Novice: 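Provided herewith is a single structure, encoded as structure tokens, for subsequent inquiry.
Just so you know, these numbers use all the heavy atoms, side chains as well, and skip hydrogens, waters and symmetry mates. As the structure lists them, so they are numbered: ligands from 1, and atoms in each ligand from 1. Small disclaimer: the values here were computed from a predicted structure and weren't measured.
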Amino acid sequence: MKIEKPETRALIREDKDIRKVERRLFLKQSLSLGALTLLTGCDVTDIGAVQSITAAMSKWNDKVQAAIFSQSRLAPEYTEADITKPFPFNAYYRRDRVPYVDGATYRLELSGLIQDTRPWTLDQLHALPQRSQITRHVCVEGWSAIGKWGGVVFGDFLRRVGADIRARYVGFKCADNYYSSIDMATALHPQTIIALTYADQTLPPEYGFPMKLRIPTKLGFKNPKHIMAMFVTNDYPGGYWEDKGYNWFSGS
Ligand SMILES: Nc1nc2c(c(=O)[nH]1)N[C@H]1C(S)=C(S)[C@@H](COP(=O)(O)O)O[C@H]1N2
Ligand SMILES: [Mo]
């Protein structure tokens with residue numbers, strides 16, 4: 001057996017760990033599907049059973065996030081050659097129901113603990129300094145994919161509009177009624193961006209036009225697409241999947 005130096009091991013460990021976790025996710029899903037099938041025989045609407053499934057889900061998410069995200073503060077970045085093609089689409093509905101948002105009349109609304117709550121047009125957002133990242137998106141449903149997103153560093157944007165960065169949460173409201181929220185440390189993380197592009201092109205509708213929050217240190221469901229409004233608050237805002245029992249933190 002070849003013994004690698006610790007530094008080399010740390011570098012290659014991440015990909016292996018993700019594959020291991022994905023395998024576990026897959027097994028876990030078949031298990032919970034099996035459990036659901038068994039439950040159907042009794043009473044699938046039984047509140048206790050449903051609650052224990054969501055509790056198990058939350059605990060399992062804690063383990064997943066520790067395995068995937070805890071190795072460094074920065075998420076790994078990849079090369080163009082690593083990009084997954086085609087990049088998967090996912091939402092709580094089918095692709096034919098992706099919301100249509102008119103970019104010309106779009107205004108990003110700001111509220112809560114923010115000094116300057118004037119709405120933003122897409123042109124104004126594009127006029128800010130842009131950066132891109134090639135990172136891995138990890139979905140709790142057991143898949144992951146590498147993609148390239150470009151846009152505005154979210155922390156720069158929050159500071160520009162005078163957000164209270166000592167507040168606890170930033171919440172998001174989306175055109176498809178999806179919603180989510182993140183802790184302020186994640187909002188200010190250097191790799192958290194307001195993504196306006198995918199693969200150097202205007203963000204396509206299925207990936208979240210006119211904008212999504214790209215957070216490579218968080219699971220996929222904490223990357224809201226089609227964001228229409230955001231707010232800064234100290235009151236826990238929850239989220240679409242979070243309120244169904246998914247672990248709120250889901251990342252690092
Ligand atoms: N507005 C909105 N954002 C969303 C979702 C959604 O249903 N609506 N699904 C989440 C989930 S679970 C995943 S995995 C990713 C999928 O993003 P993609 O379509 O770019 O792969 O979007 C996340 N953000
Ligand atoms: Mo997801």
Novice: Heavy-atom count check: over 12 atoms from other residues, nucleotides or ligands less than 6.0 Å from Arg118 CZ?
Specialist: no
Novice: Please determine if Glu242 and Lys218 form a salt bridge, counting it only when a charged side-chain N lies under 4.0 Å from a carboxylate O.
Specialist: no
Novice: Using a 4.0 Å cutoff against the non-hydrogen atoms of Cys139, which atoms of ligand 1 qualify?
Specialist: 14 (S)
Novice: Quick one: which ligand 1 atoms are inside 4.0 Å of a heavy atom on Tyr92?
Specialist: 7 (O)
Novice: At what distance, to the nearest 0.5 angstrom, does NE2 of His137 lie from CD1 of Ile146?
Specialist: 12.0 Å
Novice: Considering non-hydrogen atoms of the protein only, which is the closest contact for atom 15 (C) of ligand 1, and what is the distance?
Specialist: His137 CE1, 3.5 Å
Novice: Can you name the one residue among Phe209, Phe89, Tyr207 that meets ring-ring contact (aromatic ring centres under 6.0 Å, His included) with Tyr198?
Specialist: Tyr207
Novice: Which protein heavy atom lies closest to atom 11 (C) of ligand 1, and at what distance to 0.1 Å?
Specialist: Phe221 CA, 3.7 Å
Novice: How many angstroms lie between CE in Met228 and CG in Asn177, if you round to the nearest 0.5 Å?
Specialist: 10.5 Å
Novice: For the OG atom of Ser250 and the CD1 atom of Ile182, what is their distance to the nearest 0.5 Å?
Specialist: 12.5 Å
Novice: Which residue owns the protein heavy atom closest to atom 23 (C) of ligand 1, what's the atom, and how far is it?
Specialist: Gly220 O, 3.3 Å
Novice: Which atoms from ligand 1 have a heavy atom of Phe89 less than 4.0 Å away?
Specialist: 19 (O)
Novice: Report yes if some N/O of Lys225 lies less than 3.5 Å from some N/O of ligand 1; otherwise report no.
Specialist: yes
Novice: Using a strict 4.0 Å cut-off to heavy atoms of Pro88, name the atoms of ligand 1 that fall inside it.
Specialist: 18 (P), 19 (O), 21 (O)
Novice: In ligand 1, which numbered atoms sit nearer than 4.0 Å to a non-hydrogen atom of Phe87?
Specialist: 20 (O), 21 (O)
Novice: In ligand 1, which numbered atoms sit nearer than 4.0 Å to a non-hydrogen atom of Cys174?
Specialist: 1 (N)
Novice: Keeping the roles fixed (side chain from Lys225, backbone from Asn90), state whether a donor-acceptor pair exists under 3.5 Å.
Specialist: yes
Novice: Nearest protein heavy atom to atom 20 (O) of ligand 1, by residue and atom, and its distance?
Specialist: Tyr207 CD2, 3.5 Å
Novice: May I ask you to decide if the ring planes of Tyr92 and Tyr178 are parallel, tilted or perpendicular, using 30° and 60° as cut-offs?
Specialist: parallel
Novice: Specify the protein heavy atom at minimum distance from atom 4 (C) of ligand 1: its residue, its atom name, and the distance to 0.1 Å.
Specialist: Tyr178 CE2, 3.6 Å
Novice: Pick from Trp248, Tyr246, Tyr179: which one makes a ring-ring contact (aromatic ring centres under 6.0 Å, His included) with Phe221?
Specialist: Tyr246
Novice: To which protein heavy atom is atom 16 (C) of ligand 1 closest, and what is the distance rounded to 0.1 Å?
Specialist: Asn90 O, 3.4 Å
Novice: For ligand 1, find out whether one of its N or O atoms is nearer than 3.5 Å to an N or O atom of Asp176.
Specialist: yes
Novice: Give the atoms of ligand 1, by number and element, whose distance to some non-hydrogen atom of Trp143 is under 4.0 Å.
Specialist: 14 (S), 21 (O)
Novice: Relative to each other, are the rings of Phe157 and Phe154 parallel, tilted or perpendicular (30° and 60° limits)?
Specialist: parallel
Novice: If the cut-off is 4.0 Å to any non-hydrogen atom of Asn223, which atoms of ligand 1 fall inside it?
Specialist: 22 (O), 23 (C), 24 (N)
